[in-house]
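So you know, we letter chains A, B, ... as the sequences are listed, proteins then strands, and number each from 1.
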Amino acid sequence: MRLAKRDRLNELGLEAYPVSVPITDTIPAVRERFGGLEADATTGVTVGLAGRIVHLRNTGKLCFASLQSGDGSRIQAMVSLAEVGDENLDLWKELVDLGDHVFVSGEVISSRRGELSIMVSEWKMASKAVLPLPNMHNELNEETRVRNRYLDLIVREQARKTVFARAKTMASLRETFTQLDFVEVETPMLQVMHGGASARPFVTHSNAFDMELFLRIAPELYLKRALVGGIERVFEINRNFRNEGADSTHSPEFAMLEAYEAYGDYTSIAALTQKLIQDAALSVSGSHVVTWADGTDFDLGGEWDRISMYHSLSVAAGVEITPATSVADLQALADREGVEVHLANHGKLVEELWEHFVKDGLTRPTFVMDFPIETSPLVKEHRSIPGVVEKWDLYVRGFELATGYSELNDPVIQRERFMQQAAQGAKGDVEAMRVDEDFLKALEHAMPPAGGMGMGMDRLLMAITGLGIRETIMFPLVK
RNA sequence: GGGCCUCUAGCUCAGUUGGUUAGAGCAUCGGACUUUUAAUCCGAGGGUCAAGGGUUCGAUCCCCUUGGGGCCUACCA
């Protein structure tokens, strides 16, 4: 029947979907300018505004409507018989529904109850909604929200805030990088060989080349090629794809930031990461203390803690664990704790045990330093501690937010590491890396020493907003 | 992948211990109302109770299969 109203508008020559309407102002601008108006005041100022109708109260000779603009701000329109006349008032009551975009022009006033309003002298349909708005007084359930995000955005303040927080975060990251002379690049998403992380890829097929292609799991190996080529401060913010499970902290496609700094190392890149995140927090909330959706304040400020993986594990487990601890001893401990490790080696056992004992306690931002060598095939060995690599993971809210390396640039060692990975792959590890000859060739041309880091953008938003990953992604994958 | 729960009107939800016309609020339609704020008042319409199959005199309700969703668990960021 709303379709009938669309037709009726067109019949009357009123246009249900005009190309444009003559707005002179925006709702937030008018609110800003006249926000302090006393009740029952007039201004003598005429404006033309458009917005979506989110409340409608049609009474006899004076009708009220709340118009909402894209930022969620609202203003009331009053359509009175005295101002618009019989015919126009009747058309308003006949043809305007909740959810429509309408244009109104008239004087800015405040109602007797003090509500900032437009006393309409002229109105026009801006765009007719033929489907009804959902109930504004109950939260949409999660499935409806995710499947119809546009409705969620109209109805729920937090959904809008999240979109804007994300945009501000992205802009802030780019600004910080620009200040520090980093260059943004875009590297391939469709790759002949996937690499740069341990994950199962999505596989696709090129008709033109009749070959298997992979959606990238990480941009790392291309950004390192850029380093070889002399792009010495380089970053990329783009999507990665991993063919793995989805839950509150994992999505099959997710936005990733990677940055590389020639002549830096994992310490300098940790400092950079802290600055990037703190600047983003400042941009979103005006302070290093952010407020999560549930109302808790979370402090991202100050110098973040740095703990050693082996030391923190030893303390929590109550036994000394070092890079020299045998697989048998680690396995015994894992068995005792009920920690199952698939295709166990020293590195995997240490990481799993660390997650079991330490991870959940890390709410405050914490750099976990110095990882076992087996699980980190792209990282340089520690300058002074044998059996360990110069890698940190940044934990916030109990999840891994970012990771940073002193990047491995010795092509001979890199080849050995790839060979070890290939051996793991042969044993059935579906996430093991492949030997990437083209990348090795680039390394043989000498990559400068560098620090590098990768950070999940969706997770950064989770840290800033306190939400789950499906809320930080506007349109997450749904079946 | 495994386990548990769930799917009822446009939206959010009740409900039916298996029984004939399945309810509420908001939304919709008709009527009244010139200061309303989830306006109010009077009246009305709206459902393949996720889909398919089974048990039964009778299924929205019980059982099975399939699909969607959620939570926990495993793997990964």
Taking any heavy-atom pair under 4.0 Å as a contact, classify [X]: base, sugar-phosphate, or nothing.
X: Asp40(A); answer: nothing
X: Ala82(A); answer: base
X: Arg147(A); answer: sugar-phosphate
X: Leu401(A); answer: nothing
X: Met256(A); answer: nothing
X: Leu98(A); answer: sugar-phosphate
X: Arg74(A); answer: nothing
X: Ser117(A); answer: nothing
X: Asn240(A); answer: nothing
X: His55(A); answer: sugar-phosphate
X: Glu83(A); answer: nothing
X: Glu400(A); answer: sugar-phosphate
X: Glu139(A); answer: sugar-phosphate

*Measure the spacing between CG of Asp458(A) and CD1 of Ile469(A) and express it to the nearest 0.5 Å.*
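Between Asp458(A) CG and Ile469(A) CD1, I get 4.5 Å after rounding to 0.5 Å.
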Measure [atom1]/[X] against [atom2]/[N] and give the value in whole Å, please.
X: Arg470(A); N: G69(B); atom1: CZ; atom2: C1'; value: 9 Å
X: Asn58(A); N: U40(B); atom1: CG; atom2: P; value: 14 Å
X: Glu352(A); N: C75(B); atom1: CD; atom2: P; value: 6 Å
X: Leu140(A); N: G10(B); atom1: CG; atom2: C1'; value: 11 Å
X: His137(A); N: C13(B); atom1: NE2; atom2: P; value: 15 Å
X: Leu116(A); N: U37(B); atom1: CG; atom2: P; value: 18 Å
X: Glu94(A); N: U28(B); atom1: CD; atom2: P; value: 15 Å
X: Glu38(A); N: U35(B); atom1: CD; atom2: C1'; value: 17 Å

Taking the [atom1] atom in each of [N] and [M], what is the distance between them to the nearest angstrom?
N: U28(B); M: G45(B); atom1: C1'; answer: 8 Å
N: C64(B); M: C72(B); atom1: P; answer: 25 Å
N: A22(B); M: A59(B); atom1: C1'; answer: 13 Å
N: U34(B); M: C49(B); atom1: P; answer: 44 Å
N: G58(B); M: U20(B); atom1: P; answer: 15 Å
N: U37(B); M: A24(B); atom1: C1'; answer: 23 Å
N: G23(B); M: C33(B); atom1: P; answer: 33 Å
N: G25(B); M: U35(B); atom1: P; answer: 26 Å

Tell me whether [X] at atom [atom1] has more than 12 heavy atoms from other residues, nucleotides or ligands lying less than 6.0 Å away.
X: Glu122(A); atom1: CD; result: no
X: Glu186(A); atom1: CD; result: no
X: Arg200(A); atom1: CZ; result: no
X: Gln158(A); atom1: CD; result: yes

*Hey, which of these two, Lys93(A) or Pro134(A), hits RNA chain B nearer its 5' end, going by closest nucleotide?*
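By nearest-heavy-atom nucleotide position, the 5'-most residue is Pro134(A).
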_Quick check on RNA chain B: between Thr144(A) and Glu355(A), whose nearest nucleotide comes earlier from the 5' end?_
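The 5'-side residue here is Thr144(A).
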Looking at [X], I'd like to know whether one of its side-chain N or O atoms comes within less than 4.0 Å of OP1 or OP2 on [N].
X: Arg2(A); N: A27(B); result: no
X: Lys5(A); N: C29(B); result: yes
X: Asn135(A); N: A27(B); result: no

_Under a 3.5 Å cut-off for both contacts, is A50(B) paired Watson-Crick or G-U wobble with anything, and if yes, with which nucleotide?_
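Across all strands, the one nucleotide that pairs with A50(B) is U66(B).
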*Honestly, is Arg174(A) close enough over Phe177(A), meaning NZ or CZ under 6.0 Å from the six-membered ring centre and within 45° of the axis?*
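Arg174(A) over Phe177(A) ring: no.
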*Please tell me if the side chains of Pro365(A) and Leu300(A) come closer than 4.5 Å, counting only heavy atoms from C-beta onward.*
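A side-chain contact exists here, since the closest heavy-atom pair is under 4.5 Å.
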*Ser80(A) side-chain proximity, nearest of G69(B), U35(B), U34(B)*: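 For Ser80(A), the side-chain atoms sit closest to U34(B).
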*NZ/NE/NH1/NH2 to OD/OE distance under 4.0 Å, Lys61(A) and Glu83(A)*: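 No.
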